[in-house]
Amino acid sequence: MKSTTLFKFLLYFDAVLFLIVLIGFLYYILKGPVYSSVTGTWLFVLMLLALFIAAGFLLNSFHHTTLALIPLFIVAAPGILYLCIMMIINVFKIT
């Protein structure tokens, strides 16, 4: 697989992960009382995700596609592992 194709896949995957976290944050905000420590944690996670995605995008714009994969892999790895765990739980009906 070419690094450009892998870069695009990881970029889109990370963007979807960012949107999922953002939707979770907005749900938490709209659900009820908001505590500043928890809100700060959510905002910190959103900031880190945006920072890693922006770093990958910026490195790619300077034609360092292979280096751009590193921050995108850092964000994508937990998402891929979580996806695998959810698939295993659904396949084997683990509750």
Side-chain angles (χ1 to χ4, degrees):
M1 181 183 292
K2 292 178 65 174
S3 59
T4 306
T5 306
L6 184 59
F7 171 79
K8 287 180 182 178
F9 171 76
L10 288 175
L11 186 66
Y12 295 140
F13 187 79
D14 290 349
V16 169
L17 287 176
F18 181 81
L19 288 175
I20 290 170
V21 173
L22 182 63
I23 289 169
F25 172 68
L26 292 175
Y27 174 76
Y28 171 75
I29 291 290
L30 297 174
K31 186 177 75 167
V34 178
Y35 302 104
S36 62
S37 63
V38 178
T39 303
T41 304
W42 275 96
L43 290 175
F44 181 71
V45 168
L46 283 168
M47 182 191 66
L48 279 178
L49 286 172
L51 182 70
F52 277 101
I53 293 170
F57 191 75
L58 187 66
L59 282 168
N60 187 51
S61 69
F62 288 121
H63 304 289
H64 297 292
T65 307
T66 307
L67 283 176
L69 295 175
I70 294 171
L72 296 180
F73 269 126
I74 290 172
V75 174
I80 292 170
L81 289 175
Y82 181 75
L83 185 63
C84 291
I85 289 170
M86 289 297 117
M87 288 173 58
I88 290 171
I89 288 173
N90 286 331
V91 166
F92 294 111
K93 305 291 188 234
I94 300 171
T95 57

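The structure presented is a predicted model; accordingly, all values stated were derived computationally and were not measured.
- Note that CG of L46 is 12.5 Å distant from CG of L51, once rounded to the nearest 0.5 Å.
- Residues satisfying the side chain to side chain contact (heavy atoms under 4.5 Å, CB included) test with F44, not counting sequence neighbours, are M47, L48.
- Both I85 and F92 sit in one connected hydrophobic cluster of ILVMFWY residues. Membership requires side-chain heavy atoms under 4.5 Å apart, directly or through other members.
- With hydrophobic clusters built from ILVMFWY side chains whose heavy atoms lie under 4.5 angstrom apart, V91 shares a cluster with I88.
- At least one side-chain heavy atom of Y28 sits under 4.5 Å from a side-chain heavy atom of V38.
- L81 belongs to no hydrophobic cluster, as no Ile, Leu, Val, Met, Phe, Trp or Tyr side chain comes under 4.5 Å of its own.
- In this structure, F62 shares a hydrophobic cluster with L58, the cluster being traced through Ile, Leu, Val, Met, Phe, Trp and Tyr side chains under 4.5 angstrom apart.
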Side-chain polar contacts of residues 7-20 - donor-acceptor pairs under 3.5 angstrom, sequence neighbours left out - could you list them?
{"from": "D14", "atom 1": "OD1", "to": "A76", "atom 2": "N", "distance (Å)": "3.4"}

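- Through side-chain heavy atoms spaced under 4.5 Å, either directly or across other Ile, Leu, Val, Met, Phe, Trp or Tyr residues, L30 is tied to no other residue.
- Remark: L67 pairs with L59, H64, I70 by the side chain to side chain contact (heavy atoms under 4.5 Å, CB included) rule, at least two apart or across chains.
- For the pair N60 (side chain) and G56 (backbone), a donor-acceptor distance under 3.5 Å is absent.
- A heavy-atom distance below 4.5 Å is found between the side chains of I89 and M86.
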